[in-house]
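Here the structure comes first, spelled out in structure tokens, and everything after it is commentary.
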Amino acid sequence: MQHATRISRPHICRSNRRLLRRTLFASPPTSSDPWPLPHTPQHLSNTVTPSHTPAPQPLPRPNESLQAMRARLVYQSRKRGTLESDLLLSTFARDHLPVMSEAEMREYDKLLDEPDWDIYYWSTGNRTPPERWSNSAILDKLRVHAKNEGKVVRKMPALS
């Protein structure tokens, strides 16, 4: 018959148990939130693109048809990387891309090359856009769309 061997544990007094439990299960206090919410001063300051950063250069797409450009812009409007930008730009694309001229689509294409948070904050009025976007008709339309004056409940459009 085999005898069960007992593993001995070191004796830990009650006060040391509390201290051990506190250090194991309590996270240390952090100096700031690593994921601040949009529109908070901390988020606004953390997402600033330096002013010396040159404008992004779009990829050349010779011989791209208007239908292919429109489909690409719909996709790029949906897949931004942040939910806020995805929702804003995908609903804007759904409402405006079908009636945009080729020149407007090219301007919108250039806008989509900008960083997500810049587009988001320019359209919501929390930041002043750089000179290259100060007189943009597309950005003006996006600002009106972002205001959502009709208080429409927005959700991601279905893919067709």
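Predicted model only: the values in this text are computed from it and were never measured.
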Shortest non-hydrogen contact from [X] toward [Y]:
| X | Y | result |
| --- | --- | --- |
| L37 | H43 | O-CB, 3.2 Å |
| S134 | E131 | OG-O, 2.9 Å |
| A93 | P98 | O-CD, 3.6 Å |
| D109 | R61 | OD2-NH1, 4.0 Å |
| S77 | L73 | OG-O, 2.7 Å |
| P115 | T49 | CG-OG1, 3.7 Å |

[X] [atom1] to [Y] [atom2] distance, which is reported to the nearest 0.5 Å:
| X | Y | atom1 | atom2 | result |
| --- | --- | --- | --- | --- |
| K155 | S90 | NZ | OG | 12.0 Å |
| L112 | E107 | CG | CD | 11.0 Å |
| R154 | R94 | CZ | CZ | 7.5 Å |
| T91 | M156 | OG1 | CE | 8.5 Å |

inquiry  = Would you say L87 ends up clustered with W122 if hydrophobic residues are merged whenever their side chains have heavy atoms under 4.5 Å apart, either directly or through other cluster members?
reply    = no
ask   = With clusters built from Ile, Leu, Val, Met, Phe, Trp and Tyr whose side-chain heavy atoms come within less than 4.5 Å, directly or transitively, what are the remaining members of the cluster of L59, listed by chain and number?
value = none
ask   = To which residues is V144 joined in a hydrophobic cluster, defined by side-chain heavy-atom contacts under 4.5 Å among Ile, Leu, Val, Met, Phe, Trp and Tyr, whether direct or through other members?
value = none
Do [X] and [Y] come close enough that some side-chain heavy atom pair is under 4.5 Å?
| X | Y | result |
| --- | --- | --- |
| L111 | L142 | yes |
| I138 | M100 | yes |
| L88 | S123 | yes |
| R72 | M69 | yes |
| I119 | R80 | yes |

key: Ion pair check, D113 and K110, cut-off under 4.0 Å   = no
request  = Show your working on salt bridge (Lys or Arg N to Asp or Glu O under 4.0 Å) between R143 and D140 and close with a plain yes or no.
outcome  = CA-CA 5 Å; R143 284 183 183 134; D140 290 341; 3.1 Å; yes
request  = Check salt bridge (Lys or Arg N to Asp or Glu O under 4.0 Å) between E114 and all other residues, then give those that pass, not counting sequence neighbours.
outcome  = R132
key: All side-chain hydrogen bond (donor to acceptor under 3.5 Å, both in side chains) counterparts of R127, not counting sequence neighbours   = T47, D118
query = So which pairs with a foot in residues 56-94 pass ring pair (Phe, Tyr, Trp, His ring centres under 6.0 Å), sequence neighbours left out?
reply = F92-H96, F92-Y108, F92-H145
inquiry  = Treating R70 as the side-chain partner and L97 as the backbone partner, does any N or O pair qualify as donor plus acceptor under 3.5 Å?
reply    = yes
query = Is there a donor-acceptor pair closer than 3.5 Å between any side-chain N or O of R78 and the backbone N or O of P157?
reply = yes
With Y120 via ring pair (Phe, Tyr, Trp, His ring centres under 6.0 Å) - residues at least two apart = H39, W117
